[in-house]
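So the structure is just underneath, and the comments pick up after that.
Given the structure is predicted, the values throughout are model-derived calculations rather than measurements. By convention in this document, chain letters (A, B, ...) are assigned in the order of the sequence lines, proteins followed by strands, and residues within each chain are numbered from 1.
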Amino acid sequence: MSILNREFYKKNTLDVAKNLLGCKIFRKINNEILSGTIVETEAYMQDDPACHAFNGYTQRSATLFKQAGIAYVYLIYGMYYCLNFVTEAEGTAGAVLIRALNMPNANGPGKLCRELKIDKSLNEADVTNKKSGLWVEKGITVPPENIVTTTRIGIKKAADYPWRFYIKDNKFVSKL
DNA sequence: GATAAGATGTTA
DNA sequence: AACATCTTATCA
């Protein structure tokens with residue numbers, strides 16, 4: 001029962017992406033609580049051609065510049081939602097994309113949002129308390145040797161940046 | 001107002 | 001390997 005506080009997110013995006021591995025996401029819907037361990041993340045930063053905020057401040061990317069510890073949810077390809085957690089200080093763009101959870105049918109950004117019933121109404125939701133129905137708690141600690149660093153998936157720009165992290169030998173990680 | 005591209009998932 | 005499908009950004 002230790003919810004990750006705002007200080008956890010208000011750090012270097014790459015560090016937050018690694019620290020989030022092994023943490024548990026909780027989603028409360030009506031009286032049901034869904035949860036899953038984060039097994040795969042990707043980092044997106046301000047000086048990153050693939051980041052939505054790279055080309056300046058727009059309506060969609062505005063969330064990335066807000067305070068750390070809130071959710072950034074957007075629709076991709078008109079069919080799938082992606083869940084991010086905003087990082088860095090207010091005014092600096094940065095976010096961590098959650099790519100996979102340690103639960104069935106959640107091995108991909110779009111699939112996990114479908115499983116957790118995440119949609120745009122959760123955009124900018126505060127993840128540091130339970131009121132929003134979406135929060136993260138400290139989970140297992142992943143030793144550095146079990147964190148694998150590779151290039152990101154599904155993007156065309158800056159695809160060679162080694163900013164994707166996942167837990168070694170985890171079968172729920174999207175794509176091998 | 002119109003157009004092109006996109007941090008994906010499913011199907012063949 | 002191709003496609004489904006629509007919001008967002010970027011023009012005019």
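Checked against the 6.0 Å centroid criterion, the rings of A/Y57 and A/F65 qualify as a close aromatic pair.
Shown here, B/dA2 forms a base pair with C/dT10; the pair counts as Watson-Crick or G-U wobble because both key distances fall under 3.5 Å.
Per the geometry, CZ belonging to A/F54 stands 16 Å off P belonging to C/dA9, to the nearest Å.
The residues A/D48 and A/R152 are annotated as salt-bridged, a charged nitrogen and a carboxylate oxygen being separated by less than 4.0 angstrom.
Residues A/F165 and A/E40 fail the side-chain proximity criterion, which asks for heavy atoms closer than 4.5 Å. Two residues are said to be in side-chain contact when any heavy atoms from C-beta on lie closer than 4.5 Å; A/V148 and A/I167 fail this criterion.
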Worksheet item: How does protein contact run along nucleotides 1-12 of chain B, one letter per nucleotide 5' to 3', with B for base contact, S for sugar-phosphate only, - for none, heavy atoms under 4.0 Å?
Response: -----BBBSS--
Worksheet item: What's the verdict on side chain to side chain contact (heavy atoms under 4.5 Å, CB included) for A/Y44 and A/H52, showing C-alpha distance, side-chain angles and the deciding distance?
Response: CA-CA 8 Å; A/Y44 287 89; A/H52 289 164; over 6 Å; no
